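Have a look at the structure below, then the notes.
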Amino acid sequence: MMRKFSFLLFFFFCFSSLQAKEIQVCTSCEVNSLQQAVDMAVDGDVIRIKSGIYKEHGVEILNKSIKIIGEGYPVIDAEMQGTAITVKAENFSIEGIKIINIGTSHTNDFAAILVSRSKNFRIVNNRFENIFFGILIERSSAGTISGNKMKSKSRIQAKSGNGIHMWHSEDLTVKNNEIIGVRDGIYLEFVNNCVIEENLCKDNLRYGLHFMFSDHNEYLGNTFENNGAGVAVMYSKFIEMRRNLFRKNWGSASYGLLLKEISDSELINNTFEDNTIAISADNTNRINYRHNDFISNGYAVRIRGACYKNVFTENNFLANSFDVAYTGNINENEFLKNYWSEYTGYDLDKDGTGDVPYRPVKLFSYLVNRTPEAIILLRSIFIGLLDFSEKVSPIFTPAELIDPQPQLRKIK
């Protein structure tokens, strides 16, 4: 009986593959629009779009497992009329097309590609220009979004959308995309078990990456450069952030990485360079910070209230204006075996570890927290004397916040 069932299943798939066909779309063909091709297609068909400009919006792919392939990046011009392509299907792919001129709205999330209640899909190697939302994923799973390039000219948040926006979804891979000039480069809300890897998010209006209420996700090898702020991680747990670069995220309220109410996570082998505040942590618990480089930031680490049992170990703090700013009690947070370029202690036994503990919180950072205008005194001799006196006899800064084993050599 089992052999008979297997034979019938094999026969069904062979018959289906024989039935599949390729539909060609070109401006001079009998089929000259994407929607016309979609209406003709059945499961397993390939729609091949030739180079050219196709003025279409509101294209719908409903319950059809098809593959769309562009040759020479054919242009789908939505003419500012709304969403270009909407998909509700399984086992589909869209590859090699260019979508431009997505309509904007205060009430509708118009997108170049909207994927809703779908699974097992691929959106790869496409181009997007002058968009509102780029790729919008909702209530979907098991998808790959890879090799896409998005570019827009967002100027104010109210009239701009996100590059890749995911909501109530899971098991997605977002890899090797380039996102420039939108509101948030990549946005996740109620999205779990995803990998965000090797993306470039640059020159975006708000965040390079922004996610909330999203657990068990990995962020690996991404670059977040010159955004309004680099990354915001909020109300989430079990997050892995490794090998990312946070660079040149400058502004009065700008961060390389903003952590708010997250727990049980790891930040390992990341680089924070030239940010106003490299990491701002608020109500974060049991975070492991290890082998990160903090280079030439305003603040390397700014810890606010309700942070418990976080460990900073074997990180490099290099030429930051302030290595650590701290508000509140020590709360079992720990700094151990880090390299501090500001450390001036000695190592008599030549074991590579300083004999004198390092106090990373300066009195001046405490004063600036209370009176921001004091920052204009940053390089004055008077401030240097204040910091020295506080180091000798701590009164305002947390006396127990020390690195008992500061390293004498930069950690590789």
Side-chain angles (χ1 to χ4, degrees), residues 3-79 81-100 102 110-128 133-148 166 168-173:
R3 286 183 179 179
K4 184 177 180 181
F5 175 77
S6 299
F7 174 77
L8 288 173
L9 192 63
F10 174 77
F11 176 79
F12 171 77
F13 281 117
C14 288
F15 181 77
S16 298
S17 64
L18 289 172
Q19 290 294 101
K21 61 184 181 296
E22 180 172 296
I23 303 171
Q24 288 202 0
V25 180
C26 70
T27 54
S28 60
C29 295
E30 183 178 345
V31 180
N32 56 22
S33 77
L34 176 56
Q35 185 66 71
Q36 186 182 357
V38 169
D39 292 342
M40 295 170 58
V42 297
D43 287 352
D45 284 355
V46 175
I47 297 174
R48 190 174 300 276
I49 310 175
K50 300 293 186 177
S51 181
I53 298 176
Y54 303 84
K55 294 188 176 182
E56 295 187 70
H57 66 276
V59 175
E60 291 188 328
I61 303 171
L62 305 178
N63 302 314
K64 291 186 177 183
S65 299
I66 60 177
K67 181 183 290 186
I68 297 173
I69 301 175
E71 290 188 355
Y73 288 100
V75 176
I76 307 297
D77 184 353
E79 300 184 282
Q81 297 299 308
T83 293
I85 301 173
T86 299
V87 187
K88 295 181 181 179
E90 296 183 9
N91 304 306
F92 72 87
S93 70
I94 300 174
E95 180 177 351
I97 65 174
K98 182 176 181 179
I99 302 177
I100 64 173
I102 301 305
F110 294 137
I113 300 175
L114 167 61
V115 178
S116 178
R117 299 182 185 275
S118 303
K119 64 181 180 181
N120 298 323
F121 61 89
R122 297 174 71 248
I123 302 174
V124 299
N125 297 330
N126 301 287
R127 304 291 180 265
F128 304 86
F133 284 79
I135 300 171
L136 176 55
I137 311 293
E138 58 181 33
R139 297 192 180 278
S140 298
S141 63
T144 296
I145 303 166
S146 176
N148 302 285
M166 294 164 280
H168 269 287
S169 298
E170 61 185 3
D171 300 317
L172 304 175
T173 298

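Since the model is a prediction, treat every value here as computed from it, not as a measurement. Computed over heavy atoms, backbone and side chain alike; hydrogens, waters and symmetry mates excluded.
Atom-to-atom distance recorded for Met40:CE and Ile47:CD1 is 9.0 Å, nearest 0.5 angstrom. Rounding to the nearest 0.5 Å places OG of Ser93 at 9.0 Å from CD1 of Ile66. How far CD1 of Ile53 is from CD1 of Ile100: 6.5 Å, rounded to the nearest 0.5 Å. Rounding to the nearest 0.5 Å places CD of Gln24 at 13.5 Å from CG of Asn32.
Side-chain atoms of Ile94 and Ile113, non-hydrogen and from C-beta on, do get closer than 4.5 Å to each other. Between Thr83 and Ile102, every side-chain heavy-atom pair lies at or beyond the 4.5 Å cut-off. A 4.5 Å side-chain heavy-atom check between Asn126 and Ile99 finds every atom pair outside the cut-off. At a threshold of 4.5 Å between non-hydrogen side-chain atoms, the residues Asn148 and Asn125 do not count as touching.
The side chain to side chain donor-acceptor pair (under 3.5 Å) analysis of residues 53-70, with sequence neighbours excluded, yields no pairs. Residue pairs that meet the side chain to side chain donor-acceptor pair (under 3.5 Å) test with at least one member in residues 110-119, sequence neighbours left out, are Ser116-Glu138.
Judged as a side-chain hydrogen bond (donor to acceptor under 3.5 Å, both in side chains), and not counting sequence neighbours, Asn120 has no contacts. Qualifying salt bridge (charged side-chain N to carboxylate O under 4.0 Å, His left out) partners for Glu79, counting only residues two or more places apart in sequence or in other chains: none. Under the salt bridge (charged side-chain N to carboxylate O under 4.0 Å, His left out) criterion, Arg48 pairs with Glu22, Glu71, sequence neighbours left out. Not counting sequence neighbours, the partners of Thr173 by the side chain to side chain contact (heavy atoms under 4.5 Å, CB included) test are Thr144, Lys175.
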